[in-house]
Amino acid sequence: MNFSTNNCRPFSPTELQLKACTAAADKLNVGIAIVDSHGHILFWNQWLKEKSGLCCDEATHNEFLTIFPDLKNSRLAQVISDAIKHGLPSLLSQSLNKSPLPLYENLADRTQRVQQTIYVTPLEFQEEERFCLIQVNDVSIAVKKERLLREQAEILRDFAFIDSLTGIANRRRLDEYLADEFKRAARSNSPISVIMADVDNFKQFNDSYGHQNGDFCLQRVANAIKATLNRPADLVARYGGEEFAIILPDTSSGGASALAEEIRSHVESLAIPHESSAVGSHVTLSLGISNAQSYVNTSDKTLLRQADQALYHAKTKGRNQVMIFQE
Amino acid sequence: MNNLSELQRDALLEIFNVGVGNAANSMSQLINEEIQLSVPKLQVVLKDHSEVISDFIQSRRICAVSQNFSGPLNARAFLVFPEGKTHEIVRRMLGEMVSADELNTMEEEALSEIGNIVLNACIGSMSEMLQADFTSSQPLYHLGTAYSILSSSQTDDDQFMLLLHIDFSMPKEKIDGYLIFLLSVQSFNELIKKIDLFLSHI
């Protein structure tokens with residue numbers, strides 16, 4: 001075999017240096033194991049002893065796969081053989097290899113293994129025999145930190161998409177969701193419906209009862225709409241002011257119209273007093289529906305505009321009703 | 001001199017296709033999803049390759065995993081993907097949906113492992129078919145422009161660049177990347193010698 005890794009004079013350690021190296025290996029804050037060309041463990045450092053519960057005598061002079069029978073045919077066993085047979089080094093990342101070695105932070109509680117990044121490197125210090133160095137890093141803390149960061153990023157992201165008054169989706173979320181769902185519907189040639197809903201005579205409500213009660217009214221209406229939707233893909237968003245938009249993927253205009261009627265009657269049944277309403281003595285909703293079936297010459301923006309036109313139609317027809325957009 | 005004969009080119013392509021084929025098997029097992037890799041095209045480029053680099057990678061930044069290997073010939077090997085595509089590969093493999101601009105440490109490590117599997121498999125098949133014994137370094141992760149990554153790890157001796165297109169196919173997704181080998185004149189000649197020897201045995 002031809003080993004030409006560096007040009008330095010070979011290091012021939014004295015006995016003292018050898019002792020020092022072994023002592024140092026035992027103090028390292030990483031796991032170090034050396035496997036010989038027959039798959040026997042030659043060295044097993046203190047860190048590995050502590051985390052595995054295997055003492056040096058049990059580990060050394062035994063075959064790696066006899067001690068860890070679960071690792072037969074595993075990627076770790078494969079790369080150890082690659083290192084010894086072909087001189088190839090390998091990296092086993094934590095994310096793609098879930099804790100290959102049975103190592104524990106606390107040996108009394110063996111439910112959770114230490115999260116590991118493992119480096120397997122060929123070692124060439126002896127003519128005619130190649131050894132394999134296994135280095136195990138504990139990345140549990142890094143994994144935990146990154147999980148926390150990701151969770152925080154998700155929370156922040158959610159906040160950016162929520163309407164602070166009503167707690168439902170905001171306009172930004174609506175625009176993104178509608179664009180995505182419209183594309184999906186066009187790809188799969190399935191129907192999609194949009195409902196626009198508006199609180200009848202809301203300006204008068206604010207004038208009579210004050211803005212605080214106005215806010216409370218919007219919250220109750222938002223909750224009522226949300227409670228009426230029962231599929232996870234349906235989304236209600238505050239479109240602006242007292243206007244709400246509802247996206248209904250995989251829904252025909254008939255389905256949307258039945259749902260809109262349900263929402264209308266649900267809000268009416270809340271019986272929120274509204275003395276200055278032109279419709280009656282309670283808060284009511286007008287709703288407009290648009291629907292896409294074919295996807296030629298239309299867009300997500302068109303769908304919103306058509307729902308808005310249908311809503312306008314419902315208002316002019318006398319409010320507290322549902323209208324479907326007609327060409 | 002930098003022109004390989006048709007036969008030599010075919011032999012090299014075969015070696016690399018065997019290599020990446022093995023890598024695809026290992027990766028499919030690792031993530032339980034069918035992955036296919038192939039190397040359809042190979043170019044030999046001379047040292048002053050900055051133009052080629054700006055030509056072949058349109059995206060501003062790339063991700064790369066590199067390993068140096070030595071033996072009868074020495075080379076620096078890179079697996080290269082445009083930055084955005086790398087995120088797709090890694091997140092697809094890890095099954096994560098949240099998209100951040102940069103890969104986090106654990107994702108970088110996963111990508112290093114993917115690069116390690118592909119590069120090791122290529123070195124392995126070269127070693128087997130060309131009857132040569134190689135040793136290699138652990139994989140290194142790089143992020144930056146193709147020019148800065150390739151030139152920083154290039155020495156004056158590296159006169160040749162083997163540029164291979166690699167197709168990375170996962171269900172419903174196909175990603176193009178590159179395999180790059182930087183070689184000295186001496187190593188390039190040695191490679192050609194080994195290929196000729198390999199061809200003479202067929």
Side-chain angles (χ1 to χ4, degrees), chain A residues 1-7 73-79 81-98 100 115-124 128 130 133-135 137 139-158 187, chain B residues 19 22-23 25-27 29-33 65 67-74 77 89-91 93-128 132-141:
Chain A
M1 279 184 222
N2 172 21
F3 301 142
S4 56
T5 36
N6 60 52
N7 304 321
N73 302 319
S74 68
R75 173 153 156 74
L76 180 58
Q78 178 61 47
V79 301
S81 135
D82 282 349
I84 290 169
K85 290 203 183 107
H86 307 294
L88 295 171
S90 296
L91 157 66
L92 272 68
S93 65
Q94 176 274 332
S95 343
L96 293 174
N97 307 269
K98 298 296 176 208
Q115 307 262 18
Q116 308 155 22
T117 295
I118 302 180
Y119 295 89
V120 176
T121 313
L123 270 190
E124 284 143 6
E128 303 301 325
R130 204 181 272 141
L133 169 69
I134 304 171
Q135 183 191 325
N137 289 13
V139 292
S140 307
I141 292 172
V143 170
K144 204 166 150 192
K145 262 190 205 156
E146 289 188 350
R147 191 185 307 131
L148 268 176
L149 271 176
R150 185 174 301 130
E151 281 166 9
Q152 275 166 354
E154 275 172 27
I155 291 169
L156 284 178
R157 189 176 175 280
D158 287 348
R187 257 203 316 271
Chain B
N22 292 336
N25 285 339
S26 313
M27 267 190 270
Q29 278 175 18
L30 192 59
I31 64 160
N32 262 326
E33 197 166 10
V65 179
Q67 275 178 248
N68 296 345
F69 64 96
S70 50
L73 57 108
N74 303 332
I89 296 177
V90 172
R91 300 212 159 103
M93 287 189 161
L94 303 188
E96 273 158 19
M97 295 313 289
V98 173
S99 58
D101 288 343
E102 301 242 333
L103 293 181
N104 67 34
T105 319
M106 292 301 132
E107 289 170 329
E108 276 179 26
E109 221 176 65
L111 185 71
S112 301
E113 179 170 1
I114 293 164
N116 180 225
I117 291 172
V118 174
L119 296 175
N120 269 0
C122 290
I123 298 166
S125 87
M126 266 172 78
S127 146
E128 194 173 314
D133 222 355
F134 293 106
T135 57
S136 165
S137 62
Q138 282 285 356
L140 275 177
Y141 170 82

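Computed from a predicted model, the values in this text were never measured in an experiment. Side-chain atoms are counted along with the backbone in the values below, which use heavy atoms only and exclude waters and symmetry mates. We name chains A, B, ... by the order of the sequence lines, and we start the count at 1 in each one.
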Roughly how far, to the nearest 0.5 Å, is CD of B/Q29 from CZ of A/R75? 10.0 Å
Atom pair CD1/NE2 of B/I123 and A/H86 - distance to nearest 0.5 Å: 12.5 Å
[X] versus chain A, heavy atoms under 4.5 Å apart: side chain, backbone, both or neither?
| X | answer |
| --- | --- |
| B/Q67 | side chain |
| B/S136 | both |
| B/S26 | neither |

Answer with side chain, backbone, both or neither: which region of [X] has an atom nearer than 4.5 Å to a non-hydrogen atom of chain B?
| X | answer |
| --- | --- |
| A/Q94 | both |
| A/V79 | neither |
| A/L92 | both |

For residues B/L30 and A/L96, report the shortest heavy-atom separation together with the two atoms involved. CD1-O, 3.5 Å
State, to 0.1 Å, how close B/M106 and A/V143 come at their nearest heavy-atom pair, and which atoms those are. SD-CG2, 3.9 Å
For chain A, which residues from residues 110-117 of chain B have at least one heavy atom closer than 4.5 Å to it? B/A110, B/S112, B/E113, B/I114, B/N116, B/I117
State whether the number of non-hydrogen atoms from other residues, nucleotides or ligands found under 6.0 Å of B/E128 atom CD is greater than 12. no
Tell me whether the count of non-hydrogen atoms from other residues, nucleotides or ligands lying under 6.0 Å of CG in A/L156 goes above 12. yes
Answer key: most heavy-atom pairs under 4.5 Å with chain B among A/D82, A/V120, A/L88 is A/L88
Pair count under 4.5 Å, heavy atoms only, with chain B: among A/S90, A/P122, A/P89, highest is A/P89
Donor-acceptor pair, side chain of B/E109 and main chain of A/S95, under 3.5 angstrom: no
Would you please name every residue forming a ring pair (Phe, Tyr, Trp, His ring centres under 6.0 Å) with B/F134, sequence neighbours left out? B/F69
